[in-house]
Amino acid sequence: MLPLPFYARPAQQVARDLLGKTLVHQWQGVRLAGRIVETEAYCDSAEPDLACHGSRNGGRPTPRTAVMFGRAGHSYVYFTYGIHWLFNIVTGEEGQANAVLIRALEPTEGEVHMAMHRAPRPRPEWTNGPAKLTQALALNKSHNGLNLCAADGVIWVEDAPAVPPNLIATGPRIGLGQTPEPWLSIPWRYWVAGHPFVSK
DNA sequence: ATGTTGATTGGCT
DNA sequence: GCCAATCAACATT
């Protein structure tokens, strides 16, 4: 599994380097896993990233955002729009609110179970969005604040060959709504160019 | 105590 | 393309 030093770096760097790696959830005795093909970085800047949950409350932790301020390599799972769970990985230094949102992946293991979680949708729609992949991998509130570097954990990321830089595309983050510039347009979204499982 | 807003998705026009 | 679903966090009263 990827070790703590991998995560204890700037969010943008971790977001880029997570492309191609394998996210694994050990679930009811089976591995639900996929190749990460799209990520977004939040915070990790001299100025507060106003799109980042950690910038709320004057940049101080709240019960919801506490894990973002904690140690790197932990999961930050939160509920939004009254319906959806979104899965993030905490990065950077403890005390700063940095995280990488996993936006899309390509199923590689446990596909029978993912299909059940996402039925009757076609395969690309199992995991081509941040709330879709949490459904497919059965991730929810109970997975908030877990250590992805723990030997006995149920969620971790496995190493895999890096995606060649010329195949990595970047652009503005998705769904930021009323967030002011420059945060609205800063290109902190990363994806594997042309990959069919990238979100639309 | 009440009102507003979302790091989204899926269904309908 | 537009909009409802559905609720916790946060801001405002």
Side-chain angles (χ1 to χ4, degrees), chain A residues 7 10-16 18-19 23 34 36-45 47-70 72 74-92 96-105 107 114-145 148 155 169-192 196-200:
Chain A
Y7 300 111
Q12 297 92 325
Q13 187 105 45
V14 176
R16 177 181 289 267
L18 276 173
L19 296 177
L23 176 65
I36 297 169
V37 297
E38 181 181 2
T39 60
E40 280 178 2
Y42 285 85
C43 287
D44 188 53
S45 169
E47 294 296 316
D49 173 6
L50 295 183
C52 177
H53 292 164
S55 70
R56 315 291 173 78
N57 192 38
R60 301 314 312 158
T62 68
R64 182 202 204 188
T65 62
V67 300
M68 282 189 87
F69 290 85
H74 283 61
S75 56
Y76 169 46
V77 181
Y78 72 92
F79 188 60
T80 192
Y81 291 105
I83 309 176
H84 303 300
W85 295 99
L86 272 63
F87 180 82
N88 303 250
I89 300 177
V90 178
T91 67
Q96 299 180 346
N98 304 334
V100 172
L101 171 69
I102 308 300
R103 286 195 57 90
L105 47 77
M114 293 190 203
M116 288 170 48
H117 296 154
R118 296 289 297 155
R121 300 169 185 81
R123 181 182 160 98
E125 293 184 24
W126 294 351
T127 53
N128 67 344
K132 296 178 184 177
L133 71 88
T134 57
Q135 283 182 31
L137 296 199
L139 299 173
N140 55 57
K141 182 177 195 167
S142 72
H143 303 104
N144 189 36
L148 306 193
I155 305 172
T170 65
R173 295 170 292 181
I174 302 293
L176 266 42
Q178 307 307 311
T179 300
E181 297 289 1
W183 312 114
L184 183 63
S185 300
I186 197 166
W188 285 354
R189 173 180 176 233
Y190 305 84
W191 69 94
V192 179
F197 283 80
V198 170
S199 66
K200 303 190 188 81

Legend entry - Stacking of A:Tyr42 on B:dA7 base (centres under 5.5 Å, planes under 30°): yes
Inset, instruction - Quickly work out the A:Lys132 NZ to B:dT8 P distance and round it to whole Å. - result: 11 Å
Inset, instruction - May I ask you to say what A:Leu101 touches in the nucleic acid, namely base, sugar-phosphate or nothing, with a heavy-atom cut-off under 4.0 Å? - result: base
Inset, instruction - Check whether any side-chain nitrogen or oxygen of A:Thr62 sits under 4.0 Å from OP1 or OP2 of C:dC10, and answer yes or no. - result: yes
Inset, instruction - Let me know the distance between CH2 of A:Trp188 and P of B:dA7, rounded to the nearest Å. - result: 15 Å
Inset, instruction - Please measure how far the P atom in B:dT4 lies from the corresponding atom in C:dA4, and state the result in whole Å. - result: 15 Å
Legend entry - Donor-acceptor contact below 3.5 Å, side chain A:Arg189 vs main chain A:Arg173: no
Legend entry - Nucleotide B:dG11, atom P - distance to CD1 of A:Ile83 in whole Å: 11 Å
Legend entry - Minimum-distance pair of heavy atoms, taken over all atoms of A:Val67 and A:Ser75: CG2-O, 3.9 Å
Inset, instruction - Please tell me which of the listed nucleotides, C:dC10, C:dA8, B:dA7, lies nearest to the side chain of A:Thr65? - result: C:dC10
Inset, instruction - Report yes if at least one side-chain N or O of A:Lys200 is closer than 4.0 Å to OP1 or OP2 of B:dT8; otherwise report no. - result: no
Legend entry - Option passing side chain to side chain contact (heavy atoms under 4.5 Å, CB included) with A:Trp183 (candidates A:Cys52, A:Ser55, A:Ser45): A:Ser45
Inset, instruction - Remember a base hit wins even if backbone is also touched, and classify A:Gly129 as base, sugar-phosphate or nothing at under 4.0 Å, heavy atoms. - result: sugar-phosphate
Legend entry - Rounded distance in Å - OH (A:Tyr81) to C1' (C:dC3): 13 Å
Legend entry - Gap between atoms NE2 and P, on A:His84 and B:dT5 respectively (whole Å): 19 Å
Inset, instruction - Look at the side-chain N and O atoms of A:His53 and state whether any lies under 4.0 Å from the OP1 or OP2 oxygen of B:dA7. - result: yes
Legend entry - Atom-pair distance (CZ on A:Arg173; P on B:dA7), nearest Å: 10 Å
Inset, instruction - Any strand is fair game: report the nucleotide pairing with B:dA7 by Watson-Crick or G-U wobble, both distances under 3.5 Å, or none. - result: none
Inset, instruction - Tell me what A:Ala51 touches on the nucleic acid: a base, only sugar-phosphate, or nothing, going by heavy atoms under 4.0 Å. - result: base
Inset, instruction - Evaluate the side-chain contact (heavy atoms from CB on, under 4.5 Å) criterion for residues A:Thr39 and A:Ile89: first the C-alpha distance (whole Å), next the side-chain angles of each, then the deciding distance (0.1 Å), finally the verdict. - result: CA-CA 10 Å; A:Thr39 60; A:Ile89 300 177; over 6 Å; no
Legend entry - Distance test, side-chain N/O of A:Arg103 to OP1/OP2 of B:dT8, below 4.0 Å: yes
Inset, instruction - Kindly indicate, with the supporting measurements, whether the criterion side-chain hydrogen bond (donor to acceptor under 3.5 Å, both in side chains) is fulfilled by A:His74 and A:Tyr7. - result: CA-CA 9 Å; A:His74 283 61; A:Tyr7 300 111; over 6 Å; no
Inset, instruction - For C:dC3 and B:dT5, measure between their C1' atoms and round to the nearest Å. - result: 16 Å
Inset, instruction - Between A:Gly54 and A:Arg118, just flag the one whose closest nucleotide in DNA chain B comes earlier from the 5' side. - result: A:Gly54
Inset, instruction - Using atom OH of A:Tyr78 as one end and atom P of B:dT5 as the other, report the distance to the nearest whole Å. - result: 17 Å
Legend entry - Under 3.5 Å on both distances, the Watson-Crick or G-U partner of C:dT6: none
Inset, instruction - Rounded off to whole Å, could you give me the CZ-to-C1' distance for the A:Arg64 and C:dA11 pair? - result: 14 Å
Inset, instruction - Please say whether more than 12 non-hydrogen atoms of neighbouring residues, nucleotides or ligands are located less than 6.0 Å from CD in A:Gln178. - result: no
Inset, instruction - Establish, with yes or no, whether the OP1 or OP2 oxygen of B:dG10 is under 4.0 angstrom from a side-chain nitrogen or oxygen of A:Arg121. - result: yes
